[in-house]
Amino acid sequence: MEKLRIGCVVMAAGNGSRFGQNKLAAEVDGKTLLRRALEAVPAHRLCRVAVVTQYPEAAEAARRLSFTPVENHHPDWGISHTISLGLGKLPEMDAALFQVADQPLLRRESVGRLVDFYREHPEHIAALGHDGVRGNPCLFPARLFPELLALQGDHGGNQVIRRHEEDLLLWEVPAPELTDVDTPQVLAQLRRDMAEE
């Protein structure tokens, strides 16, 4: 199954409305959330990586890593718009990995193992999880691309997964890797936890 063509969409376009500002510029242990997200992409296992963003600094960071920056002029149109923009830059792929940009403890090794796991089960949806609870990132086979492209507003892959629960497989990782930073309070707690380790 090594011949499977797998692309990746890094979703880094959101307004961070709950965070109150561009959270991708927030730092955890000296690195921005954006940098941590891009470093977690197992690029050597993927055919192409598209970074969908409204921020010039994120587009520039994508270029430096030889990823494809995709400008999102309408982040207010919701996550569905980010998904369609990203998929539009992944032609002829057999599957797409969707990675959010606000999981600062996500490890490249874990995402790489998820990609390898998917290659063994290419008809399924594969996602990272902990104790049977699904998290991100998620990998979708090309047969589900039309459903992803049909999403509207602030609805993401969750809707598609709910329609295909029987196809979902999880790769277990430690819970902290799945922590997403939606608010300044979560970020502050994460920093405290890391300082105590």
Side-chain angles (χ1 to χ4, degrees), residues 5-16 19 21-72 75 79 82-83 85-87 89-90 93 95-119 126-130 134-140 156-157 170-184 186-195 197:
R5 290 175 56 83
I6 300 177
C8 173
V9 177
V10 179
M11 299 188 289
N15 284 322
F19 198 80
Q21 62 192 57
N22 174 15
K23 65 180 171 184
L24 300 185
E27 292 193 358
V28 172
D29 204 18
K31 290 184 182 180
T32 65
L33 264 63
L34 172 68
R35 181 175 169 192
R36 286 176 169 273
L38 297 181
E39 288 181 353
V41 175
H44 61 292
R45 286 176 161 87
L46 302 161
C47 292
R48 177 176 290 185
V49 179
V51 180
V52 184
T53 186
Q54 62 171 310
Y55 302 109
E57 60 272 26
E60 182 54 39
R63 285 188 198 94
R64 284 198 298 271
L65 291 167
S66 298
F67 297 166
T68 302
V70 186
E71 201 167 352
N72 185 341
I79 194 171
T82 294
I83 289 171
L85 286 173
L87 275 181
K89 294 295 182 181
L90 300 179
M93 294 294 157
L97 169 73
F98 289 89
Q99 190 166 318
V100 297
D102 59 358
Q103 289 178 219
L105 301 184
L106 182 65
R107 295 166 62 245
R108 182 189 304 156
E109 292 78 9
S110 298
V111 186
R113 289 194 184 103
L114 176 65
V115 173
D116 291 343
F117 177 61
Y118 175 82
R119 289 184 183 281
L128 293 185
H130 180 75
R134 179 180 59 81
N136 287 306
C138 299
L139 251 159
F140 293 86
L170 299 182
W171 181 261
E172 181 81 5
V173 293
E177 290 197 50
L178 304 180
T179 301
D180 55 4
V181 176
D182 280 333
T183 65
V186 174
L187 179 62
Q189 183 61 54
L190 190 71
R191 286 169 171 161
R192 284 194 293 270
D193 292 346
M194 291 179 75
E197 284 179 0

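Here, residue 1 is the first one in the sequence, and each next residue gets the next number.
Residues Ala13 and Asn72 share a closest heavy-atom pair of CB-ND2, 3.5 Å. Across Ala12 and Tyr55, no two heavy atoms sit closer than the pair O-CD1, 3.9 Å. Across all non-hydrogen atoms, the minimal contact from Pro69 to Ala62 is CB-CB, 4.2 Å. Annotation for Gly129 and Leu178: closest pair C-CD1, 3.6 Å, computed over non-hydrogen atoms. Contact record, His130 with Ala175: ND1-N, 3.4 Å, taken as the closest heavy-atom pair. Scanning all heavy atoms of the two residues, the minimum distance from Leu114 to Pro137 falls at CD2-O, 3.7 Å.
The NZ atom of Lys89 sits 8.0 Å away from the CZ atom of Arg48 when rounded to the nearest 0.5 Å. From Leu34, atom CG reaches atom CD of Glu39 across 9.5 Å, with rounding to the nearest 0.5 Å. With rounding to the nearest 0.5 angstrom, the CG atom of Leu38 is 11.0 Å from the CG atom of Leu33. Distance CG/Leu105 to CZ/Arg36: 6.5 Å, rounded to 0.5 Å. Rounding to the nearest 0.5 angstrom, the gap separating the CG atom in Leu97 from the SG atom in Cys138 is 8.5 Å. Here the CZ-CD distance, from Arg35 to Glu57, works out to 15.0 Å after rounding to the nearest 0.5 Å.
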Practice problem: Could you check Phe67 against Val10 for side-chain contact (heavy atoms from CB on, under 4.5 Å), going step by step and ending with a plain yes or no? | Solution: CA-CA 10 Å; Phe67 297 166; Val10 179; 5.6 Å; no
Practice problem: Please lay out, stage by stage, how Met11 and Val100 fare under the test side-chain contact (heavy atoms from CB on, under 4.5 Å). | Solution: CA-CA 5 Å; Met11 299 188 289; Val100 297; 3.8 Å; yes
Quiz item: Does the side-chain contact (heavy atoms from CB on, under 4.5 Å) test come out yes or no for Val111 and Val41, once each step is laid out?
Solution: CA-CA 7 Å; Val111 186; Val41 175; over 6 Å; no
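With Thr53 contributing its side chain and Ala59 its backbone, the two residues share no donor-acceptor pair below 3.5 Å. With Gln99 contributing its side chain and Cys8 its backbone, the two residues share no donor-acceptor pair below 3.5 Å. The backbone N or O of Asn136 lies less than 3.5 Å from a partner atom in the side chain of Gln103, making a donor-acceptor pair. Proximity of a side-chain donor or acceptor of Arg45 to a complementary backbone N or O of Asp116 within less than 3.5 Å is not detected.
Taking the side chain as every heavy atom from C-beta outward, Leu128 and Leu106 approach each other to under 4.5 Å. Here the side chains of Glu71 and Gln54 are not in contact, with every heavy-atom distance at 4.5 Å or above.
For the side chain to side chain contact (heavy atoms under 4.5 Å, CB included) with Pro42, the qualifying choice from Arg113, Glu109, Arg108 is Arg108, the only one to do so.
Under the 30°/60° scheme for interplanar angles, the aromatic rings of Trp171 and Phe117 are found to be tilted.
Between Arg63 and Glu60 there is a salt bridge, with a side-chain nitrogen of the basic residue lying less than 4.0 Å from a carboxylate oxygen of the acidic one.
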